[in-house]
Amino acid sequence: MTDPLASFDALELSLTFADVEPGDGQRWTTWPTTIPTQRGPLPWPSWIVTDAGALDTELGILKTGKEADVFLLERAVPDDPDQRTLLAAKRYRGEETRSFHRSAMYTEGRGVQNTRDARALAKKSSHGREVAASAWSIAEFDALCRMHELGAPVPYPVQVNGTEILMEFIGDESGTAAPRLAQVRSSREDLTGFYAQIVEIMRVFAAAGFAHGDLSAYNLLVHEGRVRVIDLPQIVDIIANPQGLDLLHRDCVNICDWFARRRVDCDAEELFAELLAASFV
């Protein structure tokens with residue numbers, strides 16, 4: 001295991017000899033200040049930049065949402081083209097500015113281990129609002145880690161820090177994001193292939209005891225012919241959550257309705273039965 005003191009020594013050394021300063025829209029990389037549990041699963045992909053002398057540069061916004069916004073971020077070591085990567089930075093808003101509808105539906109079955117945090121949540125104090133926002137980022141990061149390790153095609157989770165998750169950017173090197181399934185114009189044959197991929201994704205989730213909880217053509221990306229699933233903060237345990245099976249069924253209905261309107265042969269009830277069987281194997 002990496003010695004945390006050695007990491008901070010490396011950070012201090014890198015910053016001491018750095019001949020640049022962060023400009024507008026830049027910051028020093030936050031990688032060295034994260035602890036192992038806040039970083040993605042090992043082995044780390046080769047494209048991850050861990051150098052303490054790297055800069056994070058804001059390149060624009062990718063998506064605005066009701067509970068979070070997603071930004072395009074470049075993490076790079078100045079004058080070293082081999083140490084550069086694009087990341088998606090998802091930042092959850094505080095409770096006063098977000099509107100995560102039906103959030104209680106998704107959080108049933110989850111717990112807050114820290115008693116001080118639990119009291120703050122109950123009282124809805126300023127600390128409680130901060131805890132509520134960070135709880136969603138941590139929940140999504142943990143879900144991404146779990147599903148990545150199970151082989152599901154999710155963006156690789158790089159790190160989580162407070163209300164911000166940094167993850168793999170799904171798109172090209174120029175910063176153009178992969179389109180959502182809802183935006184893709186494809187042949188019936190291609191759509192049939194996409195449907196088969198999505199069923200396999202849902203099967204991986206169900207076999208682990210989970211449902212996405214809000215699956216639709218708007219949180220599935222198509223990149224180089226492969227479907228990738230995003231937006232996992234509301235992932236639900238289909239047993240521990242009293243509404244877990246209902247949410248799994250809703251995912252099946254949402255997906256099958258979308259594909260059926262495009263003349264792809266599918267049946268929501270058959271899919272639901274298949275996933276139920278996978279969840280109890």
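In what follows, every heavy atom counts, from backbone to side chain, and hydrogens, waters and symmetry copies are set aside.
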Novice: Locate the shortest heavy-atom distance separating Tyr92 from Pro233; write the atom from each residue and the value.
Specialist: OH-CB, 3.1 Å
Novice: Tell me whether Asp246 contacts the main-chain N or O of Gln243 through its side chain, where contact means a donor paired with an acceptor under 3.5 Å.
Specialist: no
Novice: Using every non-hydrogen atom in the two residues, find where Thr34 and Val160 come nearest and quote the distance to one decimal.
Specialist: CG2-O, 4.2 Å
Novice: Is any side-chain heavy atom of Lys63 closer than 4.5 Å to one of Asp231?
Specialist: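 Heavy-atom side-chain distance check passes, below 4.5 Å.
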Novice: Filter on salt bridge (charged side-chain N to carboxylate O under 4.0 Å, His left out), then keep only pairs touching residues 266-281, sequence neighbours left out; what's left?
Specialist: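 Qualifying pairs: Arg203-Glu274.
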Novice: Taking all non-hydrogen atoms of both residues into account, name the closest pair between Leu247 and Gly213 and its distance.
Specialist: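 What the structure gives for the nearest pair is CD2-O, 4.0 Å.
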Novice: Please tell me if the side chains of Val158 and Leu87 come closer than 4.5 Å, counting only heavy atoms from C-beta onward.
Specialist: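 When only atoms from C-beta onward are counted, Leu87 and Val158 do touch, with a gap below 4.5 Å.
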Novice: Rounded to the nearest 0.5 Å, how far apart are CD of Gln38 and OG1 of Thr33?
Specialist: 7.5 Å
Novice: Which pairs pass salt bridge (charged side-chain N to carboxylate O under 4.0 Å, His left out) with one or both residues in residues 166-176, sequence neighbours excluded?
Specialist: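 For residues 166-176, and leaving out neighbouring residues, the salt bridge (charged side-chain N to carboxylate O under 4.0 Å, His left out) pairs sorted by first residue read Glu168-Arg228.
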Novice: Judged by atom type as modelled, is there a donor-acceptor pair below 3.5 Å linking the side chain of Arg93 to the main-chain atoms of Gly65?
Specialist: yes
Novice: Any ion pair linking Lys90 and Glu164 (charged N to carboxylate O, less than 4.0 Å)?
Specialist: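 Not counted as a salt bridge, because no side-chain N and carboxylate O are separated by less than 4.0 Å.
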Novice: Say whether, by atom type as modelled, one donor and one acceptor occur between the side chain of Gln197 and the main chain of Val227 under 3.5 angstrom.
Specialist: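 Judged by distance alone, yes, a pair lies under 3.5 Å.
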Novice: Heavy atoms only: give me the nearest Phe194-Gly225 pair and the separation to one decimal.
Specialist: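 Here Phe194 and Gly225 meet closest at CE2-O, 3.9 Å.
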Novice: Ring centroids only, cut at 6.0 angstrom: are Tyr195 and Phe259 within range, meaning strictly under it?
Specialist: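 They qualify: ring centres under 6.0 Å apart.
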Novice: For Gly25, does its backbone N or O pair with a side-chain atom of Thr57 as donor and acceptor, under 3.5 Å?
Specialist: no
Novice: Do Ile239 and Phe210 make a side-chain contact, defined as non-hydrogen atoms from C-beta onward lying under 4.5 Å apart?
Specialist: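 They are not in side-chain contact.
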Novice: Under a 3.5 Å cutoff, is there a donor and acceptor pairing between the side chains of Thr85 and Arg75?
Specialist: no
Novice: With heavy-atom distances below 4.5 Å as the criterion, would you say the side chains of Gln26 and Asp56 are in contact?
Specialist: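 Contact flag for Gln26/Asp56 side chains = no.
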Novice: CG/Asp251 to CG/Leu271 distance, rounded to the nearest 0.5 angstrom?
Specialist: 9.5 Å
Novice: Measure across Leu62 and Gly175 and return the closest heavy-atom pair with its distance rounded to 0.1 Å.
Specialist: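 Looking at all heavy atoms of both residues, the shortest contact is CD2-O, 4.5 Å.
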Novice: Apply side-chain contact (heavy atoms from CB on, under 4.5 Å) to the pair Ile165 and Ile138, showing each step before the final yes or no.
Specialist: CA-CA 8 Å; Ile165 307 173; Ile138 293 169; over 6 Å; no
Novice: Under a 3.5 Å distance rule, please check whether Arg188 uses its side chain to pair with a backbone N or O of Arg263 as donor and acceptor.
Specialist: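 Such a contact is found between Arg188 side chain and Arg263 backbone.
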Novice: Nearest 0.5 angstrom please: Arg262 CZ to Thr192 OG1, how far?
Specialist: 12.5 Å
Novice: Should Leu144 and Val204 be regarded as members of a common hydrophobic cluster, given that ILVMFWY residues are connected when their side-chain heavy atoms come within less than 4.5 Å of each other, either directly or indirectly?
Specialist: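 Leu144 and Val204: one cluster.
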Novice: Is it true that Arg91 and Glu58 have a side-chain N and a carboxylate O under 4.0 angstrom from each other?
Specialist: yes
Novice: Do Trp31 and Val49 have side-chain heavy atoms sitting under 4.5 Å apart?
Specialist: no
Novice: Where do Val229 and Pro155 come nearest, in terms of heavy atoms and distance?
Specialist: O-CD, 3.3 Å
Novice: Quick check: do Ile238 and Ser279 have side-chain heavy atoms less than 4.5 Å from each other?
Specialist: yes
Novice: Taking atom SG of Cys256 and atom CD1 of Ile198, what is their separation to the nearest 0.5 Å?
Specialist: 9.5 Å
Novice: Drop me the distance from Phe272's CZ to His249's NE2, to the nearest 0.5 angstrom.
Specialist: 6.0 Å
Novice: side-chain contact (heavy atoms from CB on, under 4.5 Å) with Tyr156: which of Leu166, Ile48, Ile170?
Specialist: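 With Tyr156 as partner, side-chain contact (heavy atoms from CB on, under 4.5 Å) holds for just one option, Ile48.
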Novice: Under a 4.5 Å cut-off applied to non-hydrogen side-chain atoms, are Trp47 and Arg84 in contact?
Specialist: no
Novice: Does His212 reach the side chain of Ile235, with side-chain heavy atoms less than 4.5 Å apart?
Specialist: no
Novice: Taking atom SG of Cys266 and atom CG of Asp257, what is their separation to the nearest 0.5 Å?
Specialist: 8.0 Å
